[in-house]
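Beneath this line is the structure, given in structure tokens, with notes to follow.
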Amino acid sequence: MAGVERYDERMSILLSCYLDGELDRDELDIVVVALESDLDAIAEFRRLQAARRAVRTLPSLTVPLELVPGGHLTEELSAYLDGELDTIEMPDVVAHLDGCPDCRAELADLDRSRTAVRALPGLEVPSFLDVEKTVRASQRRRLMWPAAAAAGSVAAAALAFTIGFGGGAEPVSIDLTDLQARHTAIASVPSGVTAVEVSDP
Amino acid sequence: MTTALRRTAVVGGTLIAAMAIGAPWAIADDVDEVLDRARESTYTATRLTVSVWGNQTQVIRERVEHSNGAEMIRIDETWSMVGNGRAIELGDAPQGVAFVTDTRPISTNRYVTGSTEPCRHMRRDCSLIPILEGGTLRAQMVVDERTGAPLITYVYDGQGRLYRTSSLSDFAPHRMYEWSKDPSAVPLEIVMHGESDALADSVAGYVLGDVFPGPAGAGSVQAYYSDGLFSYSLFVMPAATVVAGFEDADTLVSGSSLYSMVHTARDVRVQWSSGGERYVMMGDLPPDHLEAVLAELPQPEKRSMFARLWAKLFG
């Protein structure tokens with residue numbers, strides 16, 4: 001009896017390693033033979049599979065920041081300033097900031113940087129490159145033919161430049177691997193499939 | 001004695017993948033059953049595919065887990081999943097595409113099967129199934145008796161020369177669950193059926209299976225053609241579309257026309273422009289079929305001197 005128990009225990013370990021893809025060739029042969037003929041081994045294999053499936057379906061857990069040695073906030077600070085933190089994330093981030101002077105200092109630095117960027121003067125398009133302004137000016141000064149003609153020339157030249165080099169539709173860029181994925185996908189459709197099901201194979 | 005192949009669905013994929021994944025065509029009687037089993041077979045293996053085109057040889061080695069008409073495929077350390085109308089990349093930025101389509105039954109007598117011979121491979125009982133086209137050997141499959149898996153596939157060109165092989169090693173007749181990411185969590189681009197009047201229903205024996213909106217926005221389409229054994233997709237896009245991946249392409253001379261061509265172990269990709277459209281065609285069709293298909297599609301336009309100069313100056 002004790003011999004049988006040792007055998008079962010070893011087989012259980014082998015089956016577990018089999019599911020992990022950790023068997024060498026000899027061990028794999030043992031498992032394959034057992035799964036073809038040994039009902040107990042098959043039952044044990046199914047039990048292990050079910051257990052693994054159950055583990056895989058458990059919700060993922062995030063380790064709280066305060067439990068991570070040396071863990072500090074990074075992207076969360078930016079999201080915090082932007083008001084983009086999830087409701088679930090907010091308490092953890094606030095709790096961490098309460099107890100972490102380094103992250104509070106980082107948050108203050110980040111906030112100062114943003115304020116400085118916002119205070120930079122905006123850039124304006126030079127008036128001679130602004131087609132609309134040029135055309136409007138030429139319309140207001142109808143009697144000033146030489147000036148209007150000059151403005152019109154500039155506008156026409158700018159318009160031609162825009163259409164010729166920058167104003168047309170941007171050419172679409174496609175990667176060959178994307179096309180290959182699309183072909184592979186459609187080529188794998190079995191007969192009569194009308195809907196897509198997404199699951200493990 | 002030969003048996004006519006009756007295709008019942010316009011789906012295929014690369015020959016290798018089709019035999020392993022889709023096995024979409026139906027073959028009369030006993031072979032039909034064999035291919036159905038190939039589609040439904042379950043196994044884990046390392047697949048080596050070698051393809052020779054001209055003086056170039058392309059090789060790809062991939063770890064494959066096949067089950068329920070789909071495959072998990074690992075190349076280097078990246079897993080992907082293909083099957084049942086989906087192709088999903090499970091790399092650092094997982095993404096995928098899924099087609100919703102209703103295949104229509106089409107029959108063809110293009111291929112016939114020769115008599116099936118019993119054989120042994122990897123200490124397993126197998127069947128050797130020859131597939132003929134007009135009396136010429138087009139493919140042979142060594143199929144595992146117990147699982148129905150295609151252990152070896154040979155594909156021949158129009159002169160009966162071997163040009164592609166695919167073989168499984170480290171074969172295990174069950175799943176190994178080697179991947180770690182869940183493909184069901186990957187965001188998918190869903191592609192629905194589209195419309196186009198400009199596409200021929202049949203091109204050199206390949207029948208139009210379905211049409212979909214193309215990936216290059218409005219005006220682009222993807223047309224899927226198959227002859228039951230091989231298949232290709234024809235992408236028709238605006239001429240301004242830039243397709244990355246042809247930078248180091250070879251020049252294919254077919255008839256009196258020149259094309260850009262990239263040859264891989266699994267398939268061939270060809271690009272050209274005609275009538276204000278950019279065409280990209282890719283599939284697993286053999287060289288003689290490719291030439292016949294290209295001859296019936298819009299021919300590459302011969303560019304004027306000004307166009308060549310412009311291309312030289314501005315790309």
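- Rounding to the nearest 0.5 Å places CD of B/E71 at 11.0 Å from OG1 of A/T184.
- Closest of all the heavy-atom pairs between A/Q180 and B/M282 is CA-SD, 3.3 Å.
- Pairing each heavy atom of A/A187 with each of B/Y224, the nearest pair is CA-OH, 3.6 Å.
- In this structure, CZ on A/R182 lies 6.0 Å from CZ on B/F235, to the nearest 0.5 angstrom.
- Interface residue B/Q222: only side-chain heavy atoms are found under 4.5 Å from chain A.
- Annotation: B/D248, atom CG; neighbour count of heavy atoms from other residues, nucleotides and ligands within 6.0 Å does not exceed 12.
- Contact annotation for B/V97: both backbone and side-chain heavy atoms come within less than 4.5 Å of a heavy atom of chain A.
- In plain terms, the two heavy atoms of B/S231 and A/H183 that are nearest each other are OG-CE1, 3.7 Å.
- With a 4.5 angstrom heavy-atom cutoff, B/E189 touches chain A only via side-chain atoms.
- At a 4.5 Å heavy-atom cutoff, the contact between B/R146 and chain A is made by side-chain atoms alone.
- A distance of 11.0 Å separates CG of A/L179 from CG of B/L234, quoted to the nearest 0.5 Å.
- The distance from atom CG of A/L28 to atom NE2 of B/H174, rounded to the nearest 0.5 Å, is 5.0 Å.
- Shortest non-hydrogen contact noted between A/I186 and B/S233 is CG2-OG, 3.9 Å.
- Chain A forms more heavy-atom pairs under 4.5 Å with one residue of B/G214, B/G96, B/P173, B/P238 than with any other, namely B/G214.
- Of the listed residues A/D175, A/L19, A/I174, A/D20, the one with more heavy-atom pairs under 4.5 angstrom with chain B than any other is A/I174.
- With a threshold of 4.5 angstrom between heavy atoms, A/D178 does not approach chain B through any atom at all.
- The two residues B/A87 and A/A181 come nearest to each other via the heavy atoms CB-O, 3.4 Å.
- The environment of CG in A/D24 is crowded: more than 12 heavy-atom neighbours from other residues, nucleotides or ligands sit within 6.0 Å.
- Closest of all the heavy-atom pairs between B/Y177 and A/Q49 is OH-NE2, 3.1 Å.
- Most heavy-atom pairs under 4.5 Å with chain A, from the set B/V280, B/V242, B/V191, B/V262: that is B/V242.
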